[in-house]
2 protein chains.
Amino acid sequence: MCDQCNYENLLSNADLVATTNRIQVLEIVGNNTFPLSAGDIYAILERTSSINRVTVYRILDLLVEHGVVDRISTGGRAFYYGIAPNEHHKPHPHFYCRICGQMDCLSPESVTVDIAPLLKTYPGRIEKVEIRIDGICKNCAKVGKK
Amino acid sequence: MCDQCNYENLLSNADLVATTNRIQVLEIVGNNTFPLSAGDIYAILERTSSINRVTVYRILDLLVEHGVVDRISTGGRAFYYGIAPNEHHKPHPHFYCRICGQMDCLSPESVTVDIAPLLKTYPGRIEKVEIRIDGICKNCAKVGKK
DNA sequence: ATTGCATGTGCAACTTAATTGCACTTATGG
DNA sequence: CCATAAGTGCAATTAAGTTGCACATGCAAT
């Protein structure tokens with residue numbers, strides 16, 4: 001997703017020791033142009049590393065907690081993970097294909113939001129705004145599944 | 001959620017036979033001011049009816065498929081269900097409290113969105129725009145959990 | 001170097017939410 | 001009244017994530 005990112009730095013900036021496992025997980029998340037599920041990430045890692053499934057979950061939790069990675073909910077049952085918004089990566093909406101489960105990043109400009117009225121009146125704490133477009137992606141639409 | 005709604009009509013308008021089970025499920029979804037999870041709905045029904053848990057899931061799937069009910073994803077692991085947008089119920093964003101899991105409906109005016117740029121350029125089919133605000137609700141914020 | 005912790009990882013078992021397969025029941029048209 | 005389809009129930013299974021506990025590793029203070 002990003003050339004400017006040094007993943008070890010990202011980790012230490014987030015007060016996290018840059019262990020091999022953490023770097024590997026973060027690399028996979030970061031080098032993808034679209035968010036991946038924990039299962040996806042584990043499947044990729046498993047091919048070259050002997051990391052445990054649970055460790056992947058725990059590292060993802062940790063990265064989310066420290067704001068390095070963003071947990072994105074889909075129209076499906078699993079969470080997806082992408083690099084958290086930062087100076088190089090503006091927050092942006094996502095598209096979820098209900099046929100193939102593929103999740104795409106949309107450009108930040110493709111959808112504009114104004115939550116000012118909410119901020120003025122909402123009595124709780126607002127931490128995150130998630131915008132997800134659901135539908136059928138180009139490929140699946142072509143195949144003609146309804 | 002609505003006084004104008006006759007649930008039996010809602011069902012038959014959606015080409016669904018108005019069975020007791022379906023009406024009961026739809027009533028619970030519709031009479032609530034906020035979306036409920038399938039588990040919540042089952043728990044409520046179970047007290048007065050002998051409906052099966054699986055039947056609740058199947059009815060909810062059916063209602064979603066026929067556009068009567070809206071499946072809303074949370075920042076958590078379960079789906080929530082609310083009456084689908086219709087003439088009486090405008091689409092609106094939701095607030096999800098990451099502490100207690102409570103999901104609230106926000107007024108349609110509290111957040112404004114413009115997806116025109118996306119509509120112009122996106123090559124797939126867009127079916128739904130979901131806006132979810134995550135954070136901590138008033139009550140949980142008061143208790144002081146971080 | 002040795003001890004003592006805290007942090008990180010692995011493994012097995014468990015939990016939650018949802019789904020599937022199949023049998024039984026009910027409603028409806030002929 | 002019968003045939004068929006639609007609706008429902010029950011048991012078993014799956015998917016995704018979580019927990020408890022043991023082992024490992026790194027580092028600081030002796």
Side-chain angles (χ1 to χ4, degrees), chain A residues 7-8 11-12 14-26 28-29 35-46 48-66 68-81 96 98-101 103, chain B residues 7-8 11-12 14-26 28-29 35-46 48-66 68-69 71-81 96 98-103:
Chain A
Y7 297 120
E8 301 191 33
L11 286 171
S12 43
D15 287 319
L16 290 172
V17 177
T19 67
T20 316
N21 281 340
R22 288 176 187 171
I23 295 171
Q24 287 184 334
V25 168
L26 188 53
I28 292 183
V29 173
L36 297 170
S37 71
D40 293 339
I41 294 166
Y42 175 61
I44 295 170
L45 266 172
E46 200 193 11
T48 56
S49 152
S50 66
I51 193 172
N52 188 270
R53 201 174 61 91
V54 178
T55 303
V56 174
Y57 278 112
R58 279 198 281 233
I59 289 177
L60 287 169
D61 285 348
L62 194 74
L63 296 180
V64 169
E65 214 175 287
H66 283 71
V68 182
V69 158
D70 197 16
R71 176 182 280 132
I72 303 152
S73 68
T74 66
R77 298 202 0 214
F79 292 122
Y80 279 49
Y81 297 89
Y96 176 74
R98 68 170 166 87
I99 305 292
C100 65
M103 188 150 224
Chain B
Y7 297 119
E8 300 192 30
L11 285 171
S12 44
D15 288 318
L16 290 172
V17 177
T19 67
T20 316
N21 281 341
R22 288 175 186 172
I23 296 172
Q24 288 184 334
V25 168
L26 188 52
I28 292 183
V29 173
L36 297 170
S37 71
D40 293 338
I41 295 167
Y42 175 62
I44 293 169
L45 266 172
E46 199 194 12
T48 56
S49 152
S50 66
I51 193 172
N52 187 272
R53 203 173 57 86
V54 178
T55 303
V56 174
Y57 279 112
R58 279 197 281 234
I59 289 176
L60 287 170
D61 284 349
L62 194 75
L63 296 180
V64 169
E65 214 175 287
H66 283 70
V68 183
V69 158
R71 177 182 280 131
I72 303 152
S73 67
T74 65
R77 295 219 275 137
F79 292 123
Y80 279 49
Y81 298 88
Y96 176 74
R98 68 170 167 86
I99 305 292
C100 65
Q102 173 76 265
M103 187 150 224

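A, B, ... follow the sequence lines: proteins, then strands. Residue 1 opens every chain.
- Every residue two or more places apart in sequence or in another chain that forms a side-chain hydrogen bond (donor to acceptor under 3.5 Å, both in side chains) with S37(A) is listed here: D40(A).
- By the side-chain contact (heavy atoms from CB on, under 4.5 Å) test, L45(A) is found to be paired with Q24(A), V25(A), I28(A), I41(A), S49(A), I51(A), V56(A), residues two or more places apart in sequence or in another chain being considered.
- Taking every nucleotide of DNA chain C with any atom under 4.0 Å from a non-hydrogen atom of chain B, the first and last of them, 5' to 3', are dT16(C) to dG21(C).
- Put simply, CD on E65(B) is 12 Å from P on dG7(D), counting in whole angstrom units.
- By the side-chain hydrogen bond (donor to acceptor under 3.5 Å, both in side chains) test, N21(A) pairs with no residue at all, sequence neighbours left out.
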Taking distance alone, no hydrogens or angles, what donor-acceptor pairs closer than 3.5 Å link side-chain atoms of residues 57-64 of chain B to residues at least two apart or in another chain?
residue	atom	partner	partner atom	Å
D61(B)	OD1	R71(B)	NH2	2.6

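- With DNA chain C read from its 5' end, the first of the two nearest nucleotides for G39(B) and N21(A) is the one closest to N21(A).
- With sequence neighbours excluded, the residues satisfying side-chain hydrogen bond (donor to acceptor under 3.5 Å, both in side chains) with D70(A) are K128(A).
- Residue R53(B) places none of its side-chain N or O atoms closer than 4.0 Å to OP1 or OP2 of dC10(D).
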Output one line per pair: protein atom, nucleotide atom from nucleotides 24-29 of chain D, and distance, for all N/O pairs under 3.5 Å.
none

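- Comparing V17(B) and F79(B) against DNA chain C, the residue whose closest nucleotide sits nearer the 5' end is F79(B).
- Less than 4.0 Å separates DNA chain D from at least one heavy atom of each of the following residues of residues 57-64 of chain A: Y57(A), R58(A), D61(A).
- The salt bridge (charged side-chain N to carboxylate O under 4.0 Å, His left out) pairs that include a residue from residues 14-26 of chain B number zero, where partners must be two or more places apart or lie in different chains.
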